[in-house]
2 protein chains.
Amino acid sequence: MDMPIRTADEVDLDRLNSALGFLMRLAQLKIYERFFEEVGEHNLKPGEFSVLWVILHNPGIRQSVLGQRLMIKRAHMTKLIRALEDQNLVSRKIPDGDRRAVEITLTPEAVTRVEQASQWFFSYEASVGANLTAGERQQLTALLQKFVGLG
Amino acid sequence: MDMPIRTADEVDLDRLNSALGFLMRLAQLKIYERFFEEVGEHNLKPGEFSVLWVILHNPGIRQSVLGQRLMIKRAHMTKLIRALEDQNLVSRKIPDGDRRAVEITLTPEAVTRVEQASQWFFSYEASVGANLTAGERQQLTALLQKFVGLG
DNA sequence: TGGAGATTGTTTCTTTGTAAACAAATTTTG
DNA sequence: CAAAATTTGTTTACAAAGAAACAATCTCCA
């Protein structure tokens, strides 16, 4: 009365294997796994790197704008920024023009660290999707950009 | 001395806007947002639907195999299954052949519910990526399948 | 056969992220 | 101008997901 044993690749997903949400989740998990395997001594999480990178390229950016662009909720952004501040990587300034807002800048120390980490990050990124051809990778990138409205 | 204000789409992402990990995260967040906007009365989370769907198509599947296929960790799978059990949607059976394992089956009630939810789910899924052409959508699906090793 | 190691699932603790209520400042509008 | 509504960020409480330690069972091989 027991069922025959299935191994993982014998599981029948039926139509689920064409569902974009499902595929996207698997893809992201795969990418994150590799990130943590390879991040080594940089001691950064994916979200931290992207936040620092964007601040580097947009010094004085406001927390709210940063969150909108990276799709990070306000409540969570507060925690991320405070954690970065505790590591002395960012500084906060209340602008005179709007005293509700917070403008974020990298510390000089962080500029160096982010520049170093970015060398690793973008070579890691280039190795993601090594099971695709260069053309396929390029296509996938372009389609995702259009999908999320960045193209 | 204040910085000029940037709006979200004026933020300079530099090379980050071609990073697959970043694009994939944005894409997934966008998809999840729509899921919750449209799920309505079905009262399901994305993970719950996929788990129930796979059990429907693989009755008696083992927790471990389900987790491997859906990339859900064992510790989390335990909680998911217990929550489903509490809603009387799945039943667990310890097989005689291996008393460590657990085989999962849908309750008759759940079969009906999943069949109904799947009608909604797959039409919702078809509407995801409406800003792509049909051909682009198809390409994206195929590339993701290859990327995650399902194609 | 029986003991070492692997597998399966659970429990506990921590991290990551969201939701809702709140406070302060700004904008809108009557 | 003043009250109402909105924006911005923070706090608190909670949910989702993972890591590590554990217990039970099974496999393998000396």
Side-chain angles (χ1 to χ4, degrees), chain A residues 2-3 5-8 25-26 28-37 39 43-51 60-87 90-104, chain B residues 2-3 5-8 25-26 28-30 32-33 35-37 39 43-51 60-87 90-104:
Chain A
D2 286 353
M3 296 291 168
I5 300 166
R6 282 172 202 80
T7 60
R25 176 173 162 280
L26 289 192
Q28 212 204 328
L29 288 174
K30 188 178 163 181
I31 292 176
Y32 270 54
E33 255 181 17
R34 281 187 63 120
F35 182 98
F36 287 109
E37 277 167 23
V39 65
N43 277 14
L44 286 175
K45 286 163 255 178
E48 287 178 342
F49 175 76
S50 61
V51 165
I61 191 174
R62 296 192 175 181
Q63 249 181 245
S64 56
V65 175
L66 190 52
Q68 283 162 32
R69 176 75 293 175
L70 300 181
M71 292 189 75
I72 295 172
K73 298 280 187 304
R74 279 174 307 157
H76 187 39
M77 183 60 78
T78 295
K79 296 176 197 169
L80 279 181
I81 295 295
R82 186 164 48 208
L84 295 173
E85 212 182 4
D86 290 347
Q87 299 172 68
V90 305
S91 65
R92 309 167 19 141
K93 171 169 189 283
I94 309 293
D96 290 340
D98 185 345
R99 304 183 38 69
R100 293 167 304 179
V102 178
E103 292 177 350
I104 316 284
Chain B
D2 284 354
M3 296 291 167
I5 299 166
R6 281 173 203 80
T7 61
R25 176 173 160 282
L26 290 192
Q28 213 205 324
L29 288 174
K30 187 177 163 182
Y32 270 53
E33 255 180 17
F35 182 98
F36 288 110
E37 277 167 24
V39 65
N43 276 15
L44 286 174
K45 287 163 254 176
E48 287 178 343
F49 175 75
S50 61
V51 165
I61 192 174
R62 295 189 176 185
Q63 251 182 243
S64 56
V65 175
L66 190 52
Q68 283 161 34
R69 176 74 293 173
L70 300 181
M71 291 191 73
I72 296 171
K73 298 280 187 299
R74 278 174 308 155
H76 187 40
M77 184 60 77
T78 295
K79 297 171 198 170
L80 279 181
I81 295 295
R82 187 164 47 207
L84 294 173
E85 213 183 2
D86 290 347
Q87 299 172 68
V90 305
S91 65
R92 308 167 18 140
K93 170 168 188 286
I94 310 293
D96 291 340
D98 183 346
R99 304 185 35 71
R100 296 168 303 182
V102 178
E103 293 178 349
I104 316 285

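Scope of the values below: all heavy atoms of this structure, side chains included, with no hydrogens, waters or symmetry mates. To find a chain, count down the sequence lines: A is the first, B the second, and so on, and within it residues start at 1.
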query = Rounded to whole angstrom units, what separation is found between the NZ atom of B/K45 and the P atom of D/dC14?
reply = 16 Å
query = Does a side-chain N or O from A/R82 land closer than 4.0 Å to OP1 or OP2 of D/dT11, or not?
reply = yes
Might you list the N or O atoms of the protein lying below 3.5 Å from N or O atoms in nucleotides 1-8 of chain D, with each pair's distance?
unit_1 : atom_1 : unit_2 : atom_2 : d
D/dT7  : O2     : A/R100 : NH1    : 2.7

inquiry  = Which heavy atom of B/R69 sits nearest to which heavy atom of A/L26, and what is that distance?
reply    = O-CD2, 4.3 Å
ask   = If you look at every heavy atom in A/V51 and A/L66, which pair is closest and at what distance?
value = CG1-CD2, 4.0 Å
Please tabulate, one pair per line, each protein N/O and nucleotide N/O from nucleotides 17-20 of chain D that are separated by under 3.5 Å, including the distance.
unit_1 : atom_1 : unit_2 : atom_2 : d
D/dA17 : OP2    : B/H76  : NE2    : 3.0
D/dG18 : O6     : B/K79  : NZ     : 2.4

inquiry  = I need the B/T78 OG1 to B/Q63 CD distance, nearest 0.5 Å.
reply    = 5.0 Å
Minimum heavy-atom distance between A/A101 and A/P95, given as atom pair plus value = O-CD, 3.4 Å
query = Among all residues two or more places apart in sequence or in another chain, which pass the side chain to side chain donor-acceptor pair (under 3.5 Å) test with A/R25?
reply = none
query = When you match A/R99 and B/M77 each to their closest nucleotide on DNA chain C, which lands nearer the 5' end?
reply = B/M77
message = Rounded to whole Å, how long is the line connecting atom CG of A/L84 with atom P of C/dT16?
response = 12 Å
ask   = Can you tell me how far P of D/dA16 sits from CZ of B/F35, to the nearest Å?
value = 13 Å
note = Value for CG (A/L84) from OG (A/S91), rounded to nearest 0.5 Å, stands at 11.5 Å
query = Roughly how far apart are A/K73 NZ and A/H76 NE2, rounded to 0.5 Å?
reply = 10.0 Å
message = What is the distance, to the nearest angstrom, from the CD1 atom on B/I81 to the C1' atom on C/dT11?
response = 17 Å
query = Hey, mind stepping through B/R92 and B/I104 against side chain to side chain contact (heavy atoms under 4.5 Å, CB included) and telling me if it holds?
reply = CA-CA 5 Å; B/R92 308 167 18 140; B/I104 316 285; 4.1 Å; yes
